[in-house]
Enquirer: 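This is the structure I have questions about; it appears just below.
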Number of protein chains: 2
Amino acid sequence: MTVTTSAPKSQRARTATANSITDDLSRAIHEHRLAPGTKLGENDLSEIYGVSRAIVRTALQSLAHHQIVEIQRNRGAFVAQPTSTEAHEVFEARELLEPRTAHAAALKAQQSDITLLTSHISQEHAALDAGDRGRALYLSGQFHLEIARIADNKTITDMVKVLVARSSLIIALYWQRESAICESKAHHALIEAIAKGDAGRSQELMQSHLVDLHSALNLHKMPAAVNNLKQILMG
Amino acid sequence: MTVTTSAPKSQRARTATANSITDDLSRAIHEHRLAPGTKLGENDLSEIYGVSRAIVRTALQSLAHHQIVEIQRNRGAFVAQPTSTEAHEVFEARELLEPRTAHAAALKAQQSDITLLTSHISQEHAALDAGDRGRALYLSGQFHLEIARIADNKTITDMVKVLVARSSLIIALYWQRESAICESKAHHALIEAIAKGDAGRSQELMQSHLVDLHSALNLHKMPAAVNNLKQILMG
DNA sequence: TTCTATGAAATTGTATACAATATTGCGCAC
DNA sequence: GTGCGCAATATTGTATACAATTTCATAGAA
């Protein structure tokens, strides 16, 4: 089937670039439309995006470096399946980085930053109301990322980005479904503290929020569904 | 001057793989044989390593993700030149990660780990005595990395690896040459604390060591030399 | 001199062809 | 029916050819 006519889901107006493919796949994984373990075949992807395998290959390499895709030599690329020990490692790392980052964010936040954070939250609510759990999860991750941006340290922000992305996979595999609401509560409290410029409290709130998330992980892995790439990535 | 520990030039016995090229270039950058700003042309590298540009390309992409190479579209790959703000960011990030990691390392270290750390230090001394400043610097970075390994959190170790690599570039650009000896002193003290299992002191020592490094940065950038790739990478 | 325009050369970006490896399906023995 | 071996197929790894873009040198005009 020819693809060139319309691109309903993603805005690949002319030709897809490695970066746009990376972003598209990254988003799909974040939103749990592509389950852990899903094979990302080079031929499939080059057909879907209408580019050569070379481009697809660099996109996959990029995702592999972001640790949300695993490339096995001579076998191909798969959506990563973090082990439970990796899951704990990721949250330990987040607990080292994000509380202090929230502290810094509280000191640097402008009014526009607060507005942005608030809008994130309301979007998150909207997604949940619409039953789009995947998108809500994505936005919740973006919220953490936004705080790192406010703290204005690109190096740390990049690391948080990777950790948040992996967290999305971890949640897909090890989550017990309840605590979606707690999340939202914790985020509200964080915004308040940051808006007040209360750095100490921001740091504490972030810390306990992460500990909550961490301890909400279930030890045994959920079975990973297998997806149909074309169906999911194209409209 | 042959370096006895690893293969004289680089161990590409048969054909170089993308990974071996990545490692080789990474090492060369760490040891300051390739200066910040040096152009890494695809043709040059494919000649040097005897592989196609495709392989070289994936190696360069990998280095770019490790942030020690910058790829500019349609212009090529260059050894990265961190700005002074990036330099500060990197050390801020290290100050968040490494002290707590040293703490964990002190609790988990085995006798074999202590031996390894000690051998690292003595190699470092040997390199300094031999006047090989670049190699000493590389080993000093590996020391920090080894501590992260002992703490046994691969996620954090990977992040530290990237930060240490960038630090090497930062030192090449912003260093005032004196404090090589202080480094060595601080490392000795750290080993001692870790060997004793004194987690609190290990954390403190690592913290102040990083602060020292951070404050030893000079604000204005040194001029970056331009190198001849073939001359440096081949014998 | 200094700046700009312009075209040749060099370099990177992309697609494709072929080689190496892994996967799949089938026939056959047990 | 189950397991094994082997050929057929599919997929990834690598090299190469061509297109697009940048770089460099040169010439000419203000």
Side-chain angles (χ1 to χ4, degrees), chain A residues 1-4 7 12-25 34 37-65 68-81 224 226-233, chain B residues 10 12-25 34 37-65 68-81 224 226-233:
Chain A
M1 58 167 76
T2 38
V3 185
T4 50
R12 44 195 129 100
R14 278 269 166 268
T15 50
T17 160
N19 280 339
S20 73
I21 295 175
T22 303
D23 291 347
D24 202 50
L25 289 174
L34 292 176
T38 304
K39 163 132 200 193
L40 303 173
E42 298 181 358
N43 282 321
D44 292 342
L45 292 175
S46 69
E47 255 189 65
I48 291 173
Y49 290 105
V51 295
S52 77
R53 275 178 50 219
I55 311 284
V56 168
R57 226 139 196 292
T58 77
L60 289 175
Q61 239 200 285
S62 184
L63 291 166
H65 281 112
I68 57 179
V69 158
E70 186 191 350
I71 294 178
Q72 298 175 13
R73 185 172 176 88
N74 288 322
R75 295 208 50 238
F78 303 82
V79 178
Q81 294 183 285
V226 172
N227 310 128
N228 180 322
L229 276 191
K230 291 193 191 178
Q231 200 169 323
I232 293 172
L233 294 175
Chain B
S10 56
R12 43 197 132 103
R14 265 278 165 268
T15 48
T17 161
N19 280 339
S20 74
I21 295 175
T22 303
D23 291 347
D24 202 51
L25 289 174
L34 292 177
T38 304
K39 164 133 199 192
L40 303 173
E42 298 181 0
N43 282 323
D44 293 342
L45 292 175
S46 68
E47 254 188 66
I48 292 172
Y49 291 105
V51 294
S52 76
R53 276 177 50 218
I55 311 284
V56 168
R57 226 137 196 291
T58 76
L60 289 174
Q61 239 201 286
S62 185
L63 290 165
H65 280 111
I68 58 181
V69 158
E70 187 191 349
I71 294 177
Q72 298 176 14
R73 183 172 177 88
N74 287 323
R75 294 208 51 239
F78 304 82
V79 178
Q81 295 183 286
V226 172
N227 310 126
N228 179 322
L229 273 193
K230 290 191 194 180
Q231 201 169 323
I232 293 172
L233 293 176

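Proteins get letters first, then strands, A, B, ... in listed order; numbering begins at 1 in each.
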Enquirer: So if I define the base as every atom that isn't primed, P, OP1 or OP2, how would nucleotides 7-12 of chain D read as a B/S/- string at a heavy-atom cutoff under 4.0 Å?
Expert: ----SB
Enquirer: Can you name the nearest heavy-atom pair linking B:Lys39 to B:Arg75, along with the distance?
Expert: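 That closest heavy-atom pairing would be NZ-O, 2.9 Å.
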Enquirer: Partners of B:Glu42 by side-chain hydrogen bond (donor to acceptor under 3.5 Å, both in side chains), sequence neighbours excluded?
Expert: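 With neighbours one apart ignored, the set is B:Arg53, B:Arg57.
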Enquirer: Let me know the distance between OH of A:Tyr49 and P of C:dA15, rounded to the nearest Å.
Expert: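 So the two atoms are 15 Å apart, to the nearest Å.
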Enquirer: I need the CD-C1' distance between A:Gln61 and D:dT14, as an integer number of Å.
Expert: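 Answer to the nearest Å: 14 Å.
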Enquirer: Of all heavy-atom pairs between A:Ala59 and A:Ile21, which one has the smallest distance, and what is that distance?
Expert: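 Looks like CB-CG2, 3.8 Å.
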Enquirer: A side-chain contact here means heavy atoms from C-beta on lying under 4.5 Å apart; do A:Val69 and A:Leu25 qualify?
Expert: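 Result no, sub-4.5 Å side-chain heavy-atom pair not found.
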Enquirer: Could you give the CD1-to-P distance, from A:Ile55 to C:dT12, as a whole number of Å?
Expert: 16 Å
Enquirer: For B:Ser62, enumerate each residue passing the side-chain hydrogen bond (donor to acceptor under 3.5 Å, both in side chains) test, keeping only those at least two apart in sequence or located in another chain.
Expert: A:His65
